[in-house]
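Working notes for the structure below.
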Protein chains: 2
Amino acid sequence: MELTLQIRMNEKLFLRNPEETELGREILLHSIVLIHKTGFELFTFKKLAEKIGTTEAGIYRYFENKHRLLVYIVSWYWSWLEYKVMVHTNNIKSPEIKLKKIIQILATEVKDDVQTTHVDERLLHEIVRMEGAKAYLTRHVTEDNKQRLFKPYKDLCGTIAAIIQECNPKYKYPRSLSSTIIEMAHYQNFFMRNLPSLTDFGNIKDDGKVIGFLENLVFASLYPLKRK
Amino acid sequence: MELTLQIRMNEKLFLRNPEETELGREILLHSIVLIHKTGFELFTFKKLAEKIGTTEAGIYRYFENKHRLLVYIVSWYWSWLEYKVMVHTNNIKSPEIKLKKIIQILATEVKDDVQTTHVDERLLHEIVRMEGAKAYLTRHVTEDNKQRLFKPYKDLCGTIAAIIQECNPKYKYPRSLSSTIIEMAHYQNFFMRNLPSLTDFGNIKDDGKVIGFLENLVFASLYPLKRK
DNA sequence: TATTTTTAAATAGTAATACTATCATTGTAA
DNA sequence: TTACAATGATAGTATTACTATTTAAAAATA
């Protein structure tokens, strides 16, 4: 038995569904490789086209522009992560253990997932760490948001917020804490690797350190038995 | 008596010091206005040149490219903020009250500072909120960091970390907590205004909400008297 | 089977961007 | 007076981010 994972993407993200054609899947596969290699600003449709043996116009038939393509692959990542979270927390009763598991998933280096053929999740994780924020840090966030382009991210945030609330129904900031965890899982990792003095982890590239920090942050917030 | 605040910027940030000439000051003044208006991706030296009645080449004499200009104004902001933090915490004994003051400064809407002539701090604050991360989220972070372009940000982070450590010398993550506060002061505000479901603050644009969240986060982390 | 219609690929073209280079002019310091 | 730094004006280039047109292949219909 062979299972493959299909993620249904928001239709506003593309002009022609890239999952449905060979060329489309090539675009997804190699855009991830290329963005990972050059960074988003130096990434162009022309370079991508050359790499996969098609033309610029060919890619424009699938994606309106490179920003939409970024939002597509980043959204794909969040959807995949939500699925992963679901699978790994499904059989866990305790919301605390669920939360720990989630923090671990968020902050840990990813391995390529064999269930998906045309996406390298390890590269994609690194892209999201570096370029993810650029998906929404634009002048057109509001319109993009109206088109529900960020739904996967918001859904994941909501899922985690619900578990936070399970841990402590009286905690006042479940969503903000959730988005803080998600962002910081990426940023602290990025800082550790590139601007280590913004962290306490030196330059040792140890995911465990970030996990320790996030667990401390979250559980201290959720269970503050007394205060000064 | 009239005081003006001069911030000495890293010389690697510019080709010709913009503070020293009329044209240079015009560039700083109007780049802030223009980036605020169009967003960083649509901002070009040509548009800026037209606005201040010079030519593209004129601006290239001051800044190597628009990314350097962004790093310049963002760094200026962090230096200014560090100065502001210094002034407002100087006479405070208690590190806890210092921290609260800092959180308030970080998360509150800024008024234009009359001490500086050619910078509108209110606009700059909004720019940093939206574009600040783009200063370091690039392929060339490492080289930029070697040139010490991010020193003001790192210094501010260090200053706050020191106060955190004063509050609780045993706390293990002063720097990471510090960078978390700084980033989240901006991000939670950005989310509140643009993607409110990532926060618990609705769409009410009330800085106080973000301050409440951050204070809760920080002090819970620093004073966790007991834990599950 | 021939013909039409749809779909996709290839080619070409454009306006704007991100620069670089050159040379003339003006104002200031030696 | 001269020199020299700063600006201004003009031009030019490679690349980017697209659009439009034409051409060819595939699918549907007569």
Side-chain angles (χ1 to χ4, degrees), chain A residues 11-31 34-35 37-73 131 134-135 137-140 143-144, chain B residues 9 11-31 34-35 37-73 118 131 134-135 137-140 143-144:
Chain A
E11 302 203 345
K12 297 275 167 56
L13 282 168
F14 51 77
L15 299 172
R16 191 186 307 305
N17 191 338
E19 307 253 16
E20 277 174 4
T21 68
E22 189 53 35
L23 179 58
R25 288 184 291 266
E26 284 286 287
I27 291 172
L28 294 180
L29 185 66
H30 286 95
S31 66
L34 205 59
I35 292 175
K37 188 168 149 197
T38 65
F40 184 64
E41 4 286 323
L42 295 183
F43 165 79
T44 68
F45 278 4
K46 191 163 188 204
K47 288 175 191 165
L48 177 59
E50 272 159 27
K51 189 149 196 169
I52 63 185
T54 182
T55 59
E56 249 183 304
I59 295 163
Y60 275 105
R61 257 180 256 118
Y62 287 84
F63 291 99
E64 214 176 314
N65 54 53
K66 72 173 188 169
H67 183 261
R68 280 285 154 120
L69 174 52
L70 178 70
V71 178
Y72 183 101
I73 64 172
E131 325 281 5
K134 294 172 194 167
L137 291 180
T138 70
R139 249 337 115 107
H140 43 87
E143 297 107 81
D144 289 356
Chain B
M9 300 295 291
E11 300 202 346
K12 297 274 168 56
L13 282 169
F14 50 77
L15 299 173
R16 193 190 306 309
N17 190 338
E19 307 254 17
E20 277 174 2
T21 67
E22 190 53 36
L23 178 58
R25 288 184 291 267
E26 284 286 288
I27 291 172
L28 293 180
L29 186 65
H30 286 95
S31 65
L34 205 58
I35 292 175
K37 188 167 149 199
T38 65
F40 184 63
E41 3 287 323
L42 294 184
F43 165 78
T44 70
F45 278 6
K46 192 162 187 207
K47 288 176 192 164
L48 177 57
E50 271 159 26
K51 189 149 198 171
I52 63 185
T54 182
T55 60
E56 247 182 306
I59 294 163
Y60 276 104
R61 280 195 205 103
Y62 285 84
F63 291 99
E64 217 176 313
N65 54 54
K66 73 173 187 168
H67 184 260
R68 281 284 155 123
L69 174 53
L70 178 69
V71 178
Y72 183 101
I73 63 172
H118 46 283
E131 325 280 3
K134 293 172 192 167
L137 290 180
T138 70
R139 250 334 115 110
H140 43 87
E143 297 106 83
D144 289 357

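Reminder, nothing fancy here: chain letters follow the sequence lines and each chain counts from 1. No hydrogens, no waters, no symmetry mates; every other heavy atom, side chains included, goes into these values.
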Problem - Test applied, side-chain contact (heavy atoms from CB on, under 4.5 Å); reference residue, A:Y62; option that passes from A:L28, A:L69, A:L23 - result: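 Result: among A:L28, A:L69, A:L23, A:L23 is the only option passing the side-chain contact (heavy atoms from CB on, under 4.5 Å) with A:Y62.
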Practice task
Could you point out which residue of A:L48, A:T44, A:L29 forms a side-chain contact (heavy atoms from CB on, under 4.5 Å) with A:L34?
Solution key: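 Only one option passes, and that is A:L48.
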Classify the nucleic acid contact of [X] as base, sugar-phosphate or nothing, counting any heavy atom under 4.0 Å across all strands shown.
{"X": "B:T44", "answer": "sugar-phosphate"}
{"X": "B:K66", "answer": "sugar-phosphate"}
{"X": "B:F63", "answer": "nothing"}

Handout entry: Geometric class of the A:F40/A:F43 ring pair [parallel <30°, tilted 30-60°, perpendicular >60°]
Key =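 The rings of A:F43 and A:F40 lie parallel, inter-plane angle below 30°.
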Gap between atoms [atom1] and [atom2], on [X] and [N] respectively (whole Å):
{"X": "A:Y60", "N": "C:dT11", "atom1": "OH", "atom2": "C1'", "result": "16 Å"}
{"X": "B:R68", "N": "C:dC19", "atom1": "CZ", "atom2": "P", "result": "12 Å"}
{"X": "B:N17", "N": "D:dA6", "atom1": "CG", "atom2": "C1'", "result": "14 Å"}
{"X": "B:K47", "N": "C:dA15", "atom1": "NZ", "atom2": "P", "result": "17 Å"}
{"X": "A:L15", "N": "C:dA8", "atom1": "CG", "atom2": "C1'", "result": "14 Å"}
{"X": "B:E41", "N": "C:dA18", "atom1": "CD", "atom2": "P", "result": "10 Å"}
{"X": "B:I59", "N": "C:dA18", "atom1": "CD1", "atom2": "P", "result": "12 Å"}
{"X": "B:L48", "N": "C:dA18", "atom1": "CG", "atom2": "P", "result": "12 Å"}

Practice task
Would you mind telling me which of D:dC18, C:dA10, D:dA9 lies closest to the side-chain atoms of A:N65?
Solution key: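 Nearest listed nucleotide: D:dC18.
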Exercise for the section: Output the single nucleotide from D:dA20, C:dC19, C:dT20 whose closest atom is nearest the side chain of B:A57. Expected result: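 Of D:dA20, C:dC19, C:dT20, C:dT20 is nearest to the side chain of B:A57.
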If you compare every side-chain N and O of [X] against the phosphate oxygens of [N] (OP1, OP2), does one of them come in below 4.0 Å?
{"X": "B:Y62", "N": "D:dA6", "value": "no"}
{"X": "B:T54", "N": "D:dT7", "value": "no"}
{"X": "A:R16", "N": "C:dT7", "value": "no"}

Exercise for the section: Determine yes or no for a side-chain-to-main-chain donor-acceptor pair under 3.5 angstrom, with B:R139 supplying the side chain and A:K37 the backbone. Expected result: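 At least one qualifying donor-acceptor pair exists.
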Handout entry: Check: B:L42 main-chain N/O paired with B:K47 side-chain donor or acceptor under 3.5 Å
Key =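 At least one qualifying donor-acceptor pair exists.
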Handout entry: Upstream residue (5' side of DNA chain D) when A:F43 and B:L23 are each assigned their closest nucleotide
Key =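 Its nucleotide being nearer the 5' end, the pick is B:L23.
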Exercise for the section: For A:R61 and for A:E56, locate the closest nucleotide of DNA chain C by heavy-atom distance; then report the residue assigned to the nucleotide nearer the 5' terminus. Expected result: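 The residue whose closest nucleotide sits nearer the 5' end is A:R61.
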